[in-house]
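In this chain, numbering begins with 1 at the start of the sequence shown.
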Amino acid sequence: MHSLVQNLDLSARGVLFPISVGVFLLFFSLFMPKRRINWLEFYITFGVVGYVAWISDTIVGRMLDLVDLGHPELTGLGEFVSYSFIPSSLSVIYLNYVKTRNKWLLVLLFSLLSTLIEWGMIQIGYLKMKNWGFFIFSIIAYLIVFGLILPIHIKVIKKNLRPNK
């Protein structure tokens with residue numbers, strides 16, 4: 001039992017921040033009124049974004065060793081929540097509210113929110129940057145994800161979910 005608790009990395013500095021943010025965003029995304037996406041689009045987006053987040057963590061955090069979340073040798077609960085729930089929840093919330101006329105405002109808002117979450121994890125000591133340009137790479141990545149990748153992602157899903165005529 002002690003080994004299980006130790007592997008959860010609950011003693012990592014600042015671990016409650018990503019867990020709190022992740023749980024809040026997960027519940028918000030589950031219970032928000034579905035306006036622009038349906039449950040199937042939610043399910044697909046949540047899974048795809050979560051998968052991509054874990055692949056990104058593997059490349060950036062493990063293979064290239066550019067960042068550490070919590071204990072560098074453990075994948076604890078905070079890291080699990082950070083990659084499984086935060087990006088996926090933000091993505092489905094964004095897609096649920098984005099329209100053509102508010103797209104760039106929401107791109108900026110969600111990029112800022114993502115940046116603030118990452119900055120918060122840095123400030124409390126949970127996320128440690130090692131040769132990763134936070135203000136260059138992270139912010140540009142968020143702008144590309146919300147401005148380009150997610151809109152293409154939802155168009156592909158909606159196109160392929162339409163019944164054949």
Side-chain angles (χ1 to χ4, degrees), residues 8 17-70 75-122 126-127 129 132-165:
L8 290 175
F17 180 74
I19 292 172
S20 301
V21 169
V23 169
F24 172 76
L25 290 172
L26 174 64
F27 280 109
F28 183 86
S29 68
L30 287 171
F31 295 109
M32 70 181 173
K34 306 301 180 276
R35 295 182 176 150
R36 311 273 311 159
I37 61 172
N38 60 36
W39 279 106
L40 183 56
E41 294 160 350
F42 180 103
Y43 178 76
I44 293 169
T45 300
F46 205 89
V48 168
V49 171
Y51 176 75
V52 170
W54 275 103
I55 294 296
S56 300
D57 173 52
T58 301
I59 293 169
V60 172
R62 302 287 181 220
M63 294 171 65
L64 300 176
D65 197 28
L66 298 175
V67 298
D68 283 329
L69 279 86
T75 301
L77 184 61
E79 187 170 2
F80 174 79
V81 169
S82 294
Y83 288 111
S84 299
F85 298 145
I86 295 174
S88 298
S89 298
L90 284 172
S91 296
V92 296
I93 294 167
Y94 169 79
L95 291 174
N96 189 54
Y97 291 104
V98 70
K99 298 176 186 173
T100 304
R101 64 181 161 82
N102 71 355
K103 176 184 175 184
W104 291 108
L105 176 64
L106 288 183
V107 166
L108 293 174
L109 179 68
F110 276 80
S111 296
L112 177 64
L113 180 59
S114 299
T115 301
L116 288 174
I117 291 168
E118 186 174 336
W119 181 80
M121 287 197 282
I122 292 169
Y126 185 71
L127 174 59
M129 299 290 185
W132 178 262
F134 169 66
F135 285 107
I136 297 171
F137 300 126
S138 293
I139 294 172
I140 291 171
Y142 296 137
L143 291 169
I144 291 170
V145 165
F146 291 111
L148 182 65
I149 295 172
L150 285 174
I152 291 171
H153 164 82
I154 198 66
K155 283 180 187 174
V156 168
I157 292 173
K158 287 184 181 292
K159 178 182 176 188
N160 288 297
L161 290 179
R162 283 189 204 128
N164 293 334
K165 293 180 182 180

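Rounding to the nearest 0.5 angstrom, the gap separating the CZ atom in F46 from the OG atom in S84 is 8.0 Å. If you take CG on L143 and CD1 on I149, they are separated by 11.5 Å, rounding to the nearest 0.5 Å. For the atom pair CG (L95) and OG1 (T45), the distance works out to 5.5 Å, reported to the nearest 0.5 Å. For the atom pair L69 CG and T75 OG1, the distance stands at 9.5 Å (nearest 0.5 Å). The distance from atom OG of S91 to atom CD1 of I86, rounded to the nearest 0.5 Å, is 11.5 Å. For the atom pair OG (S111) and OH (Y94), the distance works out to 8.0 Å, reported to the nearest 0.5 Å.
Residue I117 is tested with L112, L90, I122 for a side-chain contact (heavy atoms from CB on, under 4.5 Å); the sole match is L90. Evaluated for a side-chain contact (heavy atoms from CB on, under 4.5 Å) with F146, the options L113, V107, L108, L106 yield exactly one hit, V107.
Salt-bridge check for K159 with E41: failed, with every basic side-chain N at 4.0 Å or more from each acidic carboxylate O.
S29 meets the side chain to side chain donor-acceptor pair (under 3.5 Å) test with no other residue; sequence neighbours excluded.
Heavy atoms only, all atoms of each residue included: L127 and E118 are closest at CD2-CG, 3.6 Å. Counting all heavy atoms, side chain and backbone alike, M32 lies closest to V92 at CE-O, 3.5 Å. For the pair N38 and L40, the tightest heavy-atom approach, listed with the atom from each and the gap, is OD1-N, 3.0 Å. Contact between I37 and K158 at its shortest, heavy atoms only, is CA-NZ, 4.5 Å. The two residues K103 and G147 have their closest heavy-atom pair at NZ-O, 3.0 Å. Smallest separation of non-hydrogen atoms from G78 and I19: CA-CG1, 3.9 Å.
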Report task. For the pair M121 and V21, evaluate side-chain contact (heavy atoms from CB on, under 4.5 Å) and give the outcome as yes or no after the intermediate values. Result -> CA-CA 10 Å; M121 287 197 282; V21 169; over 6 Å; no

Report task. Using the side-chain contact (heavy atoms from CB on, under 4.5 Å) rule, take R62 and V67 through it: C-alpha gap first, then chi angles, then the decisive distance, then the call. Result -> CA-CA 8 Å; R62 302 287 181 220; V67 298; over 6 Å; no

Query raised in the report: side-chain contact (heavy atoms from CB on, under 4.5 Å) between F110 and I93: does it pass, once the steps are laid out?
Result: CA-CA 9 Å; F110 276 80; I93 294 167; 3.6 Å; yes

Query - Check against side-chain contact (heavy atoms from CB on, under 4.5 Å), F80 and W54 - result: CA-CA 9 Å; F80 174 79; W54 275 103; 3.9 Å; yes

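Looking only at distances, a side-chain donor or acceptor of R36 sits under 3.5 Å from a matching main-chain atom of V98. Panel note: side chain N160, backbone V156; a donor-acceptor pair is recorded below 3.5 Å.
Using a 4.5 Å cut-off on side-chain heavy atoms (C-beta onward), V23 and F85 make no contact.
Residues Y126 and E79 bring no donor and acceptor atom of their side chains to less than 3.5 Å of each other.
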